[in-house]
Amino acid sequence: MANLYIPWIFLVQTLTLFAKCRGNVPAVIVFGDSSVDSGNNNFIPTIARSNFQPYGQDFPGGQATGRFCNGRIPSDLISDGLGLKPTIPAYLDPMYNISDFATGVCFASAGTGYDNKTSDVARVIPLWKEVEYYEEYQKKLKAYLGNKKAKTLLSEALYLISIGTNDFLENYYILPDRQSQFTVKQYENFLINLAANFVKKLYALGARRMSLAGLPPMGCLPLERTTNIMGLHACVEERNNVALEFNRKLKGMVAKLNKQLPGLEAVYGDVYYIFLQIITRPSRFGLEEARVGCCGTGRFEMSFLCNPHNPFTCQDANKYVFWDAFHPSEKTNQIISDNALKTYLAKFL
């Protein structure tokens, strides 16, 4: 009989940890690409947008906000899970001001990467510009809260960084420039060096708690499977192996910087294995379809190709691992975010 009480004890312990963590994280600040862009690209001249239906069909109010999803994205769900706001606003959205941004703000831009040449592909916001916006935000926050309170918030905030997939799939594997300069292993090292410099820059600006997400199993994205004709549309293992190799180097870089930079509490966010489990065994997570996305045929559509005029969009995105040919559905985002929250609970208490 005693064993029956163990799950309840674990539940109470977990809820207690969440309550403590909520008090310890006053804001979520987001950098990255389309995995966490909550709408910044709506306000720049680029084709990399999603501010139209059916994007957002399951977002509160059915609103297409510029999130590349049918609903909320991981940064929203993590903020909600930490007891903060349920959605994180885009910094460039004029509907919001510094009072809205004080507990969470997003600087991410769909289509960007660690490499500046990646952001050039779709003319989106490069990572260095995201940092400039963050510096501007700091000034506004200090004017709003006062210097002391703002500095405390900035040092105790959780910085979510999700970026890197586009560097490979929209740049290295597509365009000749970087391939002529680097082998794939050399390009991984090049990106890791850029990532380290980015972390050091944020650290110099007062950030202390950071989560750097690794790459997903990018060879299993529907777009990659669609083009893998000779492989009978299976996952492209070569690209999955590159993701694993990059992730190993990123994890090592995070551990190294934690030792080098006093007070830094950085974590490596391992999204690869949980995502691969969802893709290979979707039924275990209450999902049905992992080979194609919900929007359109689900094989190649994303951004402007995923639009209201496409007759093939599914009725229930909760059955799908992917929303479009590149991005997870809200349900998949929720599973991945719940997994990430366990890491934050262990690290930031």
Side-chain angles (χ1 to χ4, degrees), residues 30 32-38 50 54-60 64-81 86-88 106 108 110 160-166 169 211 213-226 233-236 239-240 243-244 247 269-303 306 313-344:
V30 185
D33 56 23
S34 60
S35 58
V36 288
D37 181 1
S38 57
S50 59
Y55 285 100
Q57 68 179 26
D58 299 308
F59 192 81
T65 59
R67 290 166 171 82
F68 281 75
C69 188
N70 60 300
R72 291 191 291 172
I73 52 179
S75 44
D76 296 322
L77 297 164
I78 288 168
S79 173
D80 199 6
T87 58
I88 296 184
C106 172
L160 296 179
I161 302 155
S162 179
I163 193 168
T165 306
N166 295 319
L169 299 187
S211 171
L215 300 181
M218 56 189 184
C220 291
L221 301 181
L223 184 63
E224 297 302 299
R225 296 177 76 154
T226 296
H233 304 296
C235 294
V236 183
R239 298 194 177 178
N240 280 353
L244 282 170
N247 289 346
D270 184 3
V271 300
Y272 184 97
Y273 287 105
I274 183 66
F275 206 162
L276 189 63
Q277 287 179 50
I278 298 168
I279 291 167
T280 55
R281 299 180 65 185
S283 60
R284 181 182 169 192
F285 299 90
L287 296 155
E288 296 178 12
E289 177 58 69
R291 294 177 65 90
V292 299
C294 169
C295 189
T297 65
R299 298 183 183 279
F300 60 87
E301 295 92 346
M302 61 179 175
S303 190
C306 176
T313 298
C314 76
Q315 295 298 310
D316 186 1
N318 284 330
K319 295 178 180 178
Y320 285 70
V321 174
F322 292 94
W323 162 246
D324 61 18
F326 207 87
H327 302 96
S329 65
E330 182 183 44
K331 186 165 182 178
T332 300
N333 282 336
Q334 184 72 69
I335 297 165
I336 293 171
S337 299
D338 287 346
N339 190 66
L341 278 165
K342 295 175 187 176
T343 302
Y344 306 145

Exercise. Show your reasoning for whether side chain to side chain contact (heavy atoms under 4.5 Å, CB included) applies to T313 and C294.
Key: CA-CA 6 Å; T313 298; C294 169; 4.1 Å; yes
Exercise. Check whether any side-chain heavy atom of P217 lies under 4.5 Å from a side-chain heavy atom of I279, and answer yes or no.
Key: yes
Quiz item: Would you find a donor on one side and an acceptor on the other, under 3.5 Å apart, between the side chain of T226 and the backbone of R299?
Solution: yes
Self-check item: Straight-line distance of S50 OG to D37 CG, nearest 0.5 Å
Solution: 7.0 Å
Quiz item: Closest heavy-atom contact between R225 and H233?
Solution: O-ND1, 2.8 Å
Quiz prompt | Over all atoms of both residues, closest heavy-atom pair of G164 and L215 | solution = C-CD2, 3.4 Å
Quiz prompt | N240 and C235, any side-chain heavy atoms less than 4.5 Å apart | solution = yes
Practice problem: Search all heavy atoms of R67 against all heavy atoms of I88 and return the closest pair with its distance. | Solution: NH2-O, 3.1 Å
Quiz item: Do S79 and T87 come within less than 4.5 Å of each other through their side chains, counting heavy atoms only?
Solution: no
Exercise. For C69, check disulfide bond (SG atoms under 2.5 Å apart) against everything at least two apart and list the hits.
Key: none
Exercise. Begin from the C-alpha positions of F275 and T332 and carry the test side chain to side chain contact (heavy atoms under 4.5 Å, CB included) through to its verdict.
Key: CA-CA 8 Å; F275 206 162; T332 300; 3.9 Å; yes
Quiz item: Can you name the closest pair of heavy atoms from D324 and S303 and give their distance?
Solution: OD2-N, 4.3 Å
Exercise. Using a 4.5 Å cut-off on heavy atoms from C-beta on, say whether the side chain of I336 contacts that of P74.
Key: no
Exercise. List the atom of G81, the atom of L341, and the distance in Å for their closest heavy-atom pair.
Key: CA-CD1, 4.0 Å
Quiz item: Do the rings of Y55 and F68 sit parallel, tilted or perpendicular, given the 30° and 60° boundaries?
Solution: perpendicular
Practice problem: List the steps and the verdict of side chain to side chain contact (heavy atoms under 4.5 Å, CB included) for K331 and F285. | Solution: CA-CA 9 Å; K331 186 165 182 178; F285 299 90; over 6 Å; no
Quiz item: Are L221 and L169 close enough that some pair of their side-chain heavy atoms sits under 4.5 Å apart?
Solution: yes
Quiz prompt | Y273 side chain near N339 side chain, heavy-atom distance below 4.5 Å | solution = no
Quiz item: So do the side chains of E224 and M218 get within less than 4.5 Å of each other, counting heavy atoms only?
Solution: no
Quiz prompt | Atom of Q57, atom of Q315 and distance for their closest heavy-atom approach | solution = NE2-O, 4.5 Å
Exercise. Answer yes or no: is there a side-chain heavy-atom contact under 4.5 Å between F322 and H327?
Key: no
Exercise. Just jot down the salt bridge (charged side-chain N to carboxylate O under 4.0 Å, His left out) partners of E301, sequence neighbours excluded, or say none.
Key: none
Quiz item: Can you tell me how far the CD1 atom of I78 sits from the CG atom of L160, to the nearest 0.5 Å?
Solution: 5.0 Å
Quiz item: After noting the C-alpha distance and the side-chain angles of F326 and T165, does the key distance pass the side chain to side chain contact (heavy atoms under 4.5 Å, CB included) rule?
Solution: CA-CA 10 Å; F326 207 87; T165 306; 4.1 Å; yes
Quiz prompt | Residues which pass side chain to side chain donor-acceptor pair (under 3.5 Å) with E288, listed by chain and number, not counting sequence neighbours | solution = none
